[in-house]
Amino acid sequence: MALNDKTAVVTGAAMGIGKAMTEILLQNGAQVAILDVDKTAGERLTEELNKRYGAEKTLFLNCNVESEEQIKAAFQKTVETFGGIDILCNNAGILNESTWEKIVSINLMGVIRGTYLALEHMSKLSGGRGGVIVNTASMAGLGPLPSCPVYTATKSGVVGFTRAMAAASAVSGYGIRINVLCPGFVQTDLMSNMSARLGQFSHLADVTQQLIEKIGIINVSDVADCLLELVTDETKNGEALMLFRKGKQYVTFPSFSE
Ligand SMILES: NC(=O)C1=CN([C@@H]2O[C@H](COP(=O)(O)OP(=O)(O)OC[C@H]3O[C@@H](n4cnc5c(N)ncnc54)[C@H](O)[C@@H]3O)[C@@H](O)[C@H]2O)C=CC1
Ligand SMILES: CC/C=C\C[C@H](O)C(=O)/C=C/C=C/C=C\C=C\[C@@H](O)C/C=C\CCC(=O)O
């Protein structure tokens with residue numbers, strides 16, 4: 001998929017991985033709707049990007065992915081502004097085991113909500129032009145982190161939901177590819193104050209730090225490069241792309257249908 005004049009929506013786009021996703025999509029010719037709950041960060045980024053890419057290429061929408069109403073309005077404004085949606089990056093996510101219900105509401109329910117609302121605009125069965133959805137999970141969605149069990153559960157859920165939706169799309173004829181990114185540890189704010197983020201499991205902070213030192217930390221640009229691969233390679237549907245310091249790898253899952 002060439003990205004010239006394609007329209008992308010990125011959630012959690014104001015900082016970290018989402019910001020890098022937004023920038024690589026703009027660099028490759030797409031126009032991007034920047035959705036984030038942080039109005040200040042979102043407006044600051046959009047002002048910066050407007051100078052580099054032109055105001056006609058970006059649209060900031062203050063949006064909390066926990067709200068069906070806000071996502072619906074953001075998608076509608078995106079379609080009104082750019083004429084449709086071709087790419088959705090469900091990226092917004094948090095890590096704080098002390099507020100585990102919020103982790104579920106944002107990391108898992110927010111991805112499901114965004115995917116289902118996007119189908120209304122993207123699916124060829126409802127007048128859309130098809131496209132691609134990339135969900136941001138984590139390596140924690142593939143290998144459990146005892147120090148953050150609910151975060152692990154949400155990311156495992158995103159992996160399973162993505163693969164099921166990809167199969168449903170292929171059989172149903174939505175014309176939408178759906179893939180999942182599973183990064184290891186990435187240098188962003190989410191990695192700060194780790195012990196406080198582990199809540200009742202903060203006693204496992206040292207074990208997690210040892211894992212971080214073993215697995216290593218990658219940059220947001222490494223994740224953005226993998227996003228571009230999943231967006232532009234039209235052979236990719238239902239894929240989980242894992243990436244960490246040692247490189248990237250498409251995950252092989254057991255198959256029960258053959
Ligand atoms: N940093 C890491 O080591 C890794 C992060 N991830 C995932 O990548 C995604 C992005 O995380 P980072 O960039 O690291 O975090 P970050 O904290 O740097 O950025 C997250 C962005 O999402 C926004 N956000 C948070 N809650 C939101 C909500 N309810 N609605 C809309 N926007 C919201 C924040 O305002 C922020 O701009 C998350 O899903 C995270 O779980 C996955 C693997 C590794
Ligand atoms: C603590 C979470 C930090 C950043 C968030 C990021 O999304 C993330 O979760 C990265 C996970 C990377 C995991 C890499 C390997 C996972 C291995 C698992 O099988 C667990 C192995 C040991 C557990 C040690 C522990 O964390 O308690």
Side-chain angles (χ1 to χ4, degrees), residues 9-22 33-46 60-68 70-71 74 89-97 99 102-111 113-114 134-159 180-199 201-224 226-227 241-246:
V9 175
V10 182
T11 71
M15 292 189 286
I17 291 169
K19 177 180 175 185
M21 290 177 166
T22 298
I34 298 163
L35 276 52
D36 205 292
V37 71
D38 186 332
K39 189 169 185 289
T40 303
E43 289 175 342
R44 181 172 61 237
L45 173 63
T46 306
F60 172 65
L61 296 165
N62 190 205
C63 172
N64 181 342
V65 299
E66 295 182 273
S67 164
E68 175 103 1
Q70 290 185 30
I71 294 187
C89 301
N90 285 308
N91 170 74
I94 65 167
L95 168 56
N96 187 334
E97 292 288 328
T99 58
K102 204 160 183 61
I103 304 180
V104 175
S105 176
I106 295 168
N107 295 15
L108 180 56
M109 294 171 67
V111 170
R113 193 174 289 117
V134 181
N135 296 324
T136 305
S138 163
M139 277 178 68
L142 303 169
L145 289 179
S147 55
C148 35
V150 174
Y151 181 84
T152 293
T154 65
K155 295 305 185 178
S156 305
V158 169
V159 172
V180 62
L181 267 174
C182 297
F185 300 104
V186 187
Q187 194 60 59
T188 71
D189 285 357
L190 185 139
M191 287 279 289
S192 64
N193 307 315
M194 185 56 65
S195 182
R197 292 172 184 273
L198 303 182
F201 302 99
S202 58
H203 60 285
L204 297 178
D206 289 347
V207 176
T208 299
Q209 188 53 45
Q210 289 164 18
L211 182 66
I212 293 170
E213 285 158 20
K214 177 184 173 186
I215 298 290
I217 298 179
I218 59 177
N219 297 316
V220 292
S221 58
D222 302 315
V223 184
C226 286
L227 168 80
L241 181 52
M242 179 174 73
L243 62 142
F244 58 111
R245 183 171 56 186
K246 284 189 176 175

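When a ligand or atom number is given, it counts from 1 through the structure's own listing order.
For ligand 2, the atoms closer than 4.0 angstrom to any heavy atom of Leu190 are 4 (C), 5 (C). Proximity to Asp38 (heavy-atom distance under 4.0 Å) selects the following atoms of ligand 1: 35 (O). Within ligand 2, the atoms closer than 4.0 Å to a non-hydrogen atom of Ala140 are 9 (O), 11 (C), numbered from 1 in the order shown. Per-residue contacts place Ile94 under 4.0 angstrom from the following atoms of ligand 1 (heavy atoms of the residue considered): 25 (C), 26 (N). The atoms of ligand 2 that sit less than 4.0 Å from any heavy atom of Thr208 are 1 (C), 25 (C), 26 (O), 27 (O). Within ligand 1, counting atoms from 1 as listed, the ones closer than 4.0 Å to a heavy atom of Asn64 are 28 (C), 29 (N), 30 (N). Those atoms of ligand 2 that come under 4.0 Å of a heavy atom in Leu145, given as number and element, are 1 (C), 2 (C), 9 (O), 11 (C), 20 (C), 26 (O). Less than 4.0 angstrom separates some heavy atom of Phe185 from each of these atoms of ligand 1: 3 (O). Listed by number with element, the atoms of ligand 2 under 4.0 Å from a non-hydrogen atom of Pro146 are 23 (C), 25 (C), 27 (O). Every atom of ligand 2 is numbered from 1 in the order shown, and the set under 4.0 Å from a heavy atom of Val207 is 24 (C), 25 (C), 27 (O). Counting the atoms of ligand 2 from 1 in the order shown, those under 4.0 Å from a heavy atom of Ser138 are 6 (C), 7 (O), 8 (C), 9 (O), 10 (C), 11 (C). Below 4.0 Å from some heavy atom of Thr136 lie the following atoms of ligand 1, by number and element: 7 (C), 8 (O), 9 (C).
For atom 4 (C) of ligand 2, the closest heavy atom belonging to the protein is Met191 SD, 3.5 Å. At the top of the distance list for atom 12 (C) of ligand 2, counting protein heavy atoms only, stands Phe185 CZ, 3.5 Å. Of the protein's heavy atoms, Val186 N, 2.8 Å lies nearest to atom 3 (O) of ligand 1. Of the protein's non-hydrogen atoms, the one nearest atom 31 (C) of ligand 1 is Cys63 O, 3.2 Å. Taking atom 17 (C) of ligand 2 as the reference point, the nearest protein heavy-atom neighbour is Leu211 CD2, 4.1 Å. Nearest protein heavy-atom neighbour of atom 19 (O) of ligand 1: Met15 O, 4.1 Å. The protein atom (non-hydrogen) at minimum distance from atom 44 (C) of ligand 1 is Gly184 O, 2.8 Å. Of all protein heavy atoms, the one lying nearest to atom 13 (C) of ligand 2 is Met139 CB, 3.7 Å. Annotation: atom 30 (N) of ligand 1 to nearest protein heavy atom, Val65 N, 3.1 Å. Protein heavy atom nearest atom 20 (C) of ligand 2, with residue, atom name and distance: Pro144 O, 2.8 Å. Looking only at protein heavy atoms, the nearest one to atom 22 (O) of ligand 1 is Gly12 CA, 3.3 Å. For atom 1 (N) of ligand 1, the nearest non-hydrogen atom of the protein is Thr188 OG1, 3.0 Å. Scanning the protein for heavy atoms near atom 11 (O) of ligand 1, the closest one is Leu190 CD1, 4.0 Å.
For ligand 1, the polar-atom distance check against Lys155 finds a nitrogen or oxygen pair separated by under 3.5 Å.
Between the Gln187 side chain and the Asn219 main chain, no donor and acceptor come within less than 3.5 Å of each other. Counting only distance, with no hydrogens or angles, the side chain of Ser67 and the backbone of Asn64 share no donor-acceptor pair below 3.5 Å. In terms of modelled atom types and a separation under 3.5 Å, the side chain of Arg197 and the main chain of Glu97 share no donor-acceptor contact. Judged by distance alone, the side chain of Thr46 and the main-chain N or O of Gly42 form a donor-acceptor pair under 3.5 Å.
Heavy atoms of Met139 found under 4.0 angstrom from ligand 1: none, in either backbone or side chain. At a heavy-atom cutoff of 4.0 Å, ligand 1 is contacted by no atom of Lys19, backbone or side chain. Only side-chain heavy atoms of Met194 come within less than 4.0 Å of ligand 2; its backbone N, CA, C and O stay farther off. Contacts of Ala140 with ligand 1, taken as heavy-atom pairs under 4.0 Å, are absent altogether. In Ile106, the part holding a heavy atom less than 4.0 Å from any atom of ligand 1 is the side chain. Contact annotation for Leu35 and ligand 1: no heavy atom of the residue comes within less than 4.0 Å of the ligand. When non-hydrogen atoms are compared, ligand 2 lies under 4.0 Å from the side chain of Tyr151 (C-beta onward) but not from its backbone. Proximity of Ala137 to ligand 1, defined as any heavy-atom pair under 4.0 Å, is confined to the backbone N, CA, C and O atoms.
In terms of heavy atoms, Leu198 sits closest to Cys148 at CD2-CB, 4.3 Å. Shown here for Asn96 and Ile103, the closest heavy-atom pair between the two residues is O-CD1, 3.2 Å.
Within the structure, ligand 2 lacks Arg197 among the residues with a heavy atom less than 4.0 angstrom away. Heavy atoms of Leu95 come nearer than 4.0 angstrom to ligand 2 in at least one pair.
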For Glu66 and Lys102: C-alpha separation, side-chain torsions, deciding distance, then whether salt bridge (Lys or Arg N to Asp or Glu O under 4.0 Å) applies.
CA-CA 9 Å; Glu66 295 182 273; Lys102 204 160 183 61; 2.6 Å; yes
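The shortest side-chain heavy-atom distance between Ile218 and Val223 falls under the 4.5 Å cut-off. The shortest distance between side-chain heavy atoms of Val180 and Met242 does not fall below 4.5 Å. Leu95 places none of its side-chain heavy atoms less than 4.5 Å from the side chain of Asn107. Proximity of Ile217 to Val186: side-chain heavy atoms (C-beta onward) are nowhere separated by under 4.5 Å. Looking only at side-chain heavy atoms (C-beta outward), Val10 and Ile34 stay at 4.5 Å or farther from each other. The closest side-chain heavy-atom distance from Lys19 to Val220 is not below 4.5 Å. Two residues are said to be in side-chain contact when any heavy atoms from C-beta on lie closer than 4.5 Å; Lys155 and Val159 fail this criterion. Side-chain atoms of Leu145 and Thr208, non-hydrogen and from C-beta on, never get closer than 4.5 Å to each other.
Note: Phe244 CZ to Ile215 CD1 = 5.5 Å, rounded to the nearest 0.5 Å.
Scanning Leu95, Thr11, Val37 for the heavy atom closest to atom 33 (C) of ligand 1 points to Val37. Looking at Val220, Ile215, Asp36, it is Asp36 that brings a heavy atom closest to atom 23 (C) of ligand 1. Nearest to atom 9 (C) of ligand 1 by heavy atom, out of Ile17, Val10, Asn91, is Asn91.
When Val158, Leu142, Leu241 are each tested for a side chain to side chain contact (heavy atoms under 4.5 Å, CB included) with Cys182, only one passes: Leu142. Of the residues Thr11, Asn91, Asn90, the one that meets the side chain to side chain donor-acceptor pair (under 3.5 Å) test with Asn135 is Asn90.
Within the structure, salt bridge (Lys or Arg N to Asp or Glu O under 4.0 Å) contacts touching residues 34-44 (residues at least two apart or in different chains) are Lys39-Glu43.
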